[in-house]
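Reading through the structure tokens given below for one structure.
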Amino acid sequence: MAISVDEVFETASMILFQNLDIRTTTLGVNLKDCVDSDFPRFMDKVYQKVYVNARRLVERAGELELKYGVPIVNKRVAVTPVSLIMESHLSPEKFLGLAMSLDQAGKDAGIDFIGGFGALVQKGMTRSDVMLIEILPDVLSKTERICSFLNVGTTQAGLNLDAVNLIGKMLKETAAKSSKSLGCAKFVVFANAPEDNPFMAGAFHGVGEGDLTLNIGISGPGVVRNVVANNKDCDLTQLSEVVKRTVFKITRAGELIGRELARSMEIPFGIVDISLASTVAAGDSVANVIEAFGIERIGAHGSTLAIALLMDAVKKGGAMASGNVGGLSGTFLPVSEDAGMIEAVKKGALSLDKLEAFTSVCSVGLDMFAIPGDTPQETINAIIADELAIGVMNNKTTAVRVIPVFNKKAGDLVEFGGLLGSAPVMEVNRFSAREFMSRGGRLPAPLTSLRN
Amino acid sequence: MKEKERLFITVIGEDKKGIVAKISTLLYELDINIEDISQKITEGFFVMTMLVDIKDSRAALEEISLQLKQIGQELRMEIQIQHENILKMMHRV
């Protein structure tokens, strides 16, 4: 059956007026084969492998952008967790050297970010893991493109509180060293981190992955908002249905472009991540989708139900459209990167506690929120531990990206600029968990992990 | 015989004289065959779609796209070019 004018118009409007885009194409690159006892040679191999493959990604993505008329906003690389390949080069200078070399490869190839400068420490930390965490303030403040992650908990292993307890201090140092404390925006801490997540800052190329793989993240809060706004009088079942159908369409577009990109690069196609990702651009806000449901401001009572409905419909539509849905495929609700979220915090509609509650219905975590620079490090650790405990106990991915903004107080506004937006500094609970956190150790794996 | 390579050209904006003339002249110059044209007013917009086959054209997609966008600017209309595969993927199961 021929494609009708209305169908062509629908697709064209999604792109022209509703910000539909491929938010990210992320090339996973295995670096284990670069390991070499000669450090300069090791760095050179890493540079070459990342540069050559990233260059191809940028070229091919440009061609497909033209062919399908869908903007491919970000081209990125995710590498093998760096602490793993640095086990035999234990010096802080070498860690920093490798970060610089990766940063340069990304810059030369024309990609936005390189993820994977991190470690999997859910059960314990090697010397390399500890060294990596110690050098992170320098890496995050001295490089432009390097993103870092730590996976500190899984449902199978429990939560490594000793690792969590290193993070608050590390983040405060990073905040002090980097302009506007922005180094912290390039670090995510996870529970149950997926090995194929294409979204930054938390992307890395998992150890269970092949040599090269292409993962993509589609986006389209504007498209979903539009369809919700056009269906004002329907009940929840019908609302879910219209969202599902729309997400089906945009996921099919993502699947087509992702597969063709992988084929043209002659590498395996990994996954489509169907997370709705917001930007500060007008009309590209997930909070505005929730508000289009009929909620005055995100954060009001009723918001958790609205997010539950939205994300469930997104997942159902996406899962029908692609056989390879993966990554996070939930929703991050980044405070600073979403105009509706910023507004809700400013107006007092949204608190940290409500943001944490959203996690229970498939938000992936607490993302891009600013807290006062003088927040005690154990309080930062406790915020992280709370959010990750939800992930560990409920067998889902949860994550935290927090910015303790140097020299700022609750109520101040921090302008990060560009894609990172601006963030109202949020209030944190002033009571302490110091004694509890200082117990350290590991939260045992939950009963739900005993499934064999 | 070369296989067809079909694109949809979508023109959106305010209706005016010369839209079809300008675009079809360009397509003729670029050796592109028009297989179908439809137009209608939808959601307050004038929308025209053309299904074209570029298999005989010597111009690269980049060139075609650039020239069409230029016409779009002259006409003050949005012009979107997309390979037909994406529309098939999105609208047909």
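Convention: sequence-line order gives letters A, B, ...; per-chain numbering from 1.
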Take atom [atom1] of [X] as the centre, draw a 6.0 Å sphere, and report whether it contains more than 12 heavy atoms from other residues, nucleotides or ligands.
X       : atom1 : result
K232(A) : NZ    : no
E74(B)  : CD    : yes
R76(B)  : CZ    : no
E296(A) : CD    : no
E59(A)  : CD    : yes

With a 4.5 Å heavy-atom cut-off, do [X] and [Y] have their side chains touching?
X      : Y      : result
T11(A) : H91(B) : yes
M14(A) : M90(B) : yes
I3(A)  : E84(B) : no

Check: Got a donor-acceptor contact below 3.5 angstrom from the Q80(B) side chain to the G69(A) backbone?
Finding: yes
Nearest heavy-atom pair of [X] and [Y]: which atoms, and what distance?
X      : Y       : result
L61(B) : K67(A)  : CD2-CA, 3.4 Å
H83(B) : Y68(A)  : CB-CE2, 3.4 Å
Q82(B) : I15(A)  : NE2-CD1, 3.1 Å
I86(B) : V70(A)  : CD1-CG2, 3.5 Å
M89(B) : E255(A) : CE-CG, 4.1 Å
K40(B) : D6(A)   : NZ-OD2, 2.8 Å

Margin query: I'd like to know which of T10(B), L7(B), T42(B), V93(B) tops the heavy-atom pair count under 4.5 Å against chain A.
Written below: T42(B)
Check: Which bit of A321(A) is near chain B, if near means a heavy-atom gap under 4.5 Å: side chain, backbone, both or neither?
Finding: neither
Checklist line | S38(B) portion near chain A, given a 4.5 angstrom heavy-atom threshold | finding: both
Next item on the list: Answer with side chain, backbone, both or neither: which region of I12(B) has an atom nearer than 4.5 Å to a non-hydrogen atom of chain A?
Entry: side chain
Note to self: Please verify the inter-ring angle class for F9(A) with F45(B); under 30° counts as parallel, over 60° as perpendicular, anything in between as tilted.
What the structure shows: tilted
